[in-house]
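Just passing along the structure, written as structure tokens.
First the proteins, then the strands, lettered A, B, ... as listed; each starts at 1. Side chains included, hydrogens not; waters and symmetry mates left out as well; all remaining heavy atoms used.
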Amino acid sequence: MADLNPDQHAAVNTLAGPLLVLAGAGTGKTRVITYRIAKLIQTGITPSRILAVTFTNKAAREMRDRAQRLLGRRVKGTKPPEISTFHSLCVRILRRHARRLGYPETFSIYDRGDQETLARNALRDIRVSTGTLRPGDLLSLVGGWKNKGITPDQASSTAEGDKVELAAAAYARYQSQLKAAGAMDFDDLLLQTNRLFAEHAEARFAEATRFDHLLIDEYQDTNDLQYRIVKALADRHRNLCVVGDDDQSIYGWRGAEIAHILGFQNDWPDAKVVRLESNYRSRAPIIELANTLIAHNTTRHQKVLRPFREGGAAPRILRMEDENMEAEQVVQQIQQLMLGEADHRVPPSDIAILFRTNEQPRAFELEMRRQKIPYVLVGGLSFYDRREIRDVLAYLRVFANPSDEVSLLRVINTPARGIGSSTLEALIEYAVKEGKPLWTVLPNALEELELPTAAISRIEAFRVLIDGFRAKIGSIKLSELMRELLKTVDYRTELERLHPGPGEAESRWLAVEELVNAAALYEQREEAPTLLGFLEEATLADRDDFGDDDKRERHAVTLMTLHSAKGLEFPHVWLVGLEEGILPHQRSVLEGRGVDEERRLCYVGVTRAQDTLTLTFTKARMKWGKPRPSIPSRFLMEMRGDTERARRAGEAAEAMFRKAAEAAKQAEERAAEAPAKKKGRTLAKRR
DNA sequence: ATCAAGCTATTTTTT
DNA sequence: ATAGCTTGAT
């Protein structure tokens with residue numbers, strides 16, 4: 001540990017009591033945390049009594065690996081420190097106490113896709129005069145409520161305005177569907193853990209006494225529910241170390257409260273504070289830019305990054321004609337960099353293009369493909385979002401928890417086995433009337449409903465199929481179970497039927513095989529592999545976190561959003577689309593208070609760069625098929641210290657957006673007045 | 001049950 | 001511009 005600077009040293013060696021580590025970008029935060037874990041263990045703390053919480057699963061894995069390396073080989077039989085995300089931690093807590101909360105131990109975890117299905121169902125047949133609510137809108141409202149611990153009842157009693165009232169009603173439906181399915185969504189994992197701690201003191205005690213040391217990474221992005229969990233787990237031993245950078249708080253829209261890190265010393269008055277301000281990542285001119293930019297935020301812990309690495313080129317700011325030219329020129333520059341001088345070629349993995357929104361990479365992808373430059377788009381459609389993967393996972397979830405209705409309805413006719421929508425409609429209606437999960441009423445339904453005999457025998461066959469596999473859980477290996485399932489339902493043939501295009505079915509089948517491999521790997525790696533454990537991993541995995549992605553990324557340029565770039569670094573960074581409306585995003589400008597967070601986002605982008613940084617903006621950009629002139633982002637002026645011009649740019653942009661928003665609002669009103677003639681018929685999926 | 005043509009809404013970030 | 005849906009024909 002000799003190679004730590006004095007601040008890092010202080011952060012590593014303050015082992016007892018509350019500690020706030022304010023770690024600026026590139027100041028060796030991860031290193032400090034892993035050293036700290038190692039130090040705790042070296043001073044005699046039992047490893048398994050240390051809990052470290054990270055923001056992503058990828059970060060957790062990396063931290064586990066690093067800590068392992070520092071400590072050398074693990075002694076057989078000793079449990080390692082627990083390093084996981086809040087969500088995984090909660091799953092493990094909740095599995096132990098699910099019954100107390102009225103859930104089965106085998107409760108399913110619903111991801112975004114499942115949530116959307118539920119939201120769609122919840123919104124069926126409800127509408128208001130001002131139009132409908134999209135599932136996504138409902139989910140963000142529901143997320144907000146859940147994060148504040150607001151129940152459906154409370155939501156509907158305080159709701160104002162048609163849309164919010166509608167959402168509150170749908171929230172109640174959504175939540176009761178979840179409950180009926182024995183399922184929790186991501187927010188529920190945190191919410192129910194809090195409920196458990198509040199209502200069952202003995203459970204809280206049991207969980208709080210598992211650990212004597214608690215470390216929380218990315219503390220600036222904890223939301224209220226996470227904050228309460230931290231408190232519940234730490235208030236006995238008080239050995240709480242939180243690490244974060246308020247200047248990098250970028251998840252406010254998801255309920256993260258920067259106030260938690262800003263007010264840490266109010267909660268823990270005896271807390272020590274260590275500031276890490278020596279930046280080892282970026283060249284001086286980049287740091288300079290970052291410092292000047294972030295100084296425009298007022299509510300923050302005072303911190304100034306000091307560059308450790310002197311010299312380096314000044315960041316470039318380039319203006320492009322439109323988004324296609326932007327892509328073309330950036331890709332061209334990247335190509336030149338990669339070809340380089342013969343003696344210093346830059347590998348593609350040293351290069352990243354960062355952007356604010358998910359529509360921006362389109363032009364870049366096109367251009368990269370044209371120029372045959374390998375790239376990875378991080379955060380697009382994840383492996384686990386693929387339909388075939390969701391199908392197989394849905395089977396597994398039904399095996400674990402047949403009340404999981406979203407999954408049950410997904411697989412009941414997949415592959416097509418002649419259980420059509422009218423049969424399903426009848427079954428669902430029956431289940432709703434009984435107020436019980438479809439699976440449990442299935443035998444009765446078959447007797448009582450007057451269904452065609454063919455349908456009855458098909459459903460019965462499906463029931464036998466599921467029961468047969470359920471009986472096998474635990475007695476054969478998970479990967480075996482999956483192979484058998486795929487063979488029994490002849491999934492491959494179904495893929496060929498569904499995707500006759502050349503190679504289509506083949507590539508989808510490969511994905512399925514990859515999933516089986518992932519299960520096999522999971523079994524190898526885990527000491528006590530379970531079906532539920534694998535499902536948890538598959539559901540909570542980060543979107544870009546499948547297989548050995550670094551193998552793929554090693555030879556490719558990275559394209560990703562600023563949000564996914566947090567915690568990463570690249571020698572060469574292009575930060576594109578620095579325009580009013582994109583960064584800062586139009587919505588945060590209009591909502592008034594959001595620009596600070598956008599500035600932090602920009603700061604995160606700038607501080608990813610190690611050696612060179614290029615910032616681009618366009619003169620005009622296509623919007624819905626029409627070109628629209630752009631205003632250069634105020635951040636470009638702020639980072640060069642031109643606060644006055646930045647202010648003017650901001651005002652111009654705001655005026656422009658207000659006008660556009662006004663026009664959009666009028667259009668919506670006109671549409672609402674027009675006779676509503678939509679029927680809103682979709683596949684029978686309840687409830 | 002399946003598919004192509006036509007229509008439509010689009011305005012953020014994701015564990 | 002375009003993805004993602006509905007619709008109407010097989």
Remember a base hit wins even if backbone is also touched, and classify Asp111(A) as base, sugar-phosphate or nothing at under 4.0 Å, heavy atoms. nothing
Establish whether the base of dT14(B) is bridged to the side chain of His563(A) by a donor-acceptor pair shorter than 3.5 Å. no
Report, one pair per line, the protein and nucleotides 2-6 of chain B atoms (nitrogen or oxygen only) whose separation is under 3.5 Å.
from: dT2(B); atom 1: OP1; to: Arg497(A); atom 2: NH1; distance (Å): 2.7

Using a heavy-atom cut-off of under 4.0 Å over every strand shown, decide if Phe657(A) touches base, sugar-phosphate, or nothing. nothing
Using the six-membered ring for Trp and the full ring for Phe, Tyr or His, decide whether Trp253(A) stacks on the six-membered base ring of dT13(B) (centres under 5.5 Å, planes under 30°). yes
By side-chain hydrogen bond (donor to acceptor under 3.5 Å, both in side chains) - contacts of Ser249(A) (at least two apart): none
Are the ring of His585(A) and the base ring of dT12(B) both nearer than 5.5 Å at their centres and tilted by less than 30°? yes
For Phe186(A), check ring pair (Phe, Tyr, Trp, His ring centres under 6.0 Å) against everything at least two apart and list the hits. His87(A)
Among residues at least two apart in sequence or on other chains, which ones pass ring pair (Phe, Tyr, Trp, His ring centres under 6.0 Å) with Phe635(A)? none
Would you say the side chain of Arg587(A) and the base of dT11(B) hold a donor-acceptor pair, judged only by whether the two atoms sit under 3.5 Å apart? no
Residue-phosphate contact under 4.0 Å: Ser564(A) side-chain N/O, dT14(B) OP1/OP2: yes
Please identify each residue that fulfils ring pair (Phe, Tyr, Trp, His ring centres under 6.0 Å) with Phe534(A), with sequence neighbours left out. Tyr522(A)
Please indicate whether Arg369(A) has more than 12 foreign heavy atoms, meaning atoms of other residues, nucleotides or ligands, lying under 6.0 Å from its CZ. yes
Could you work out which one of dT11(B), dA3(C), dT14(B) sits closest to the side chain of Tyr251(A)? dT14(B)
Residues in side-chain hydrogen bond (donor to acceptor under 3.5 Å, both in side chains) contact with Arg66(A), at least two apart in sequence or another chain: none
Rounded distance in Å between the C1' positions of dT11(B) and dT6(C): 24 Å
Please figure out whether Leu540(A) or Ala416(A) has its closest DNA chain B nucleotide nearer the 5' end. Ala416(A)
Are any of Asn358(A)'s side-chain N or O atoms less than 4.0 Å away from OP1 or OP2 of dT12(B)? no
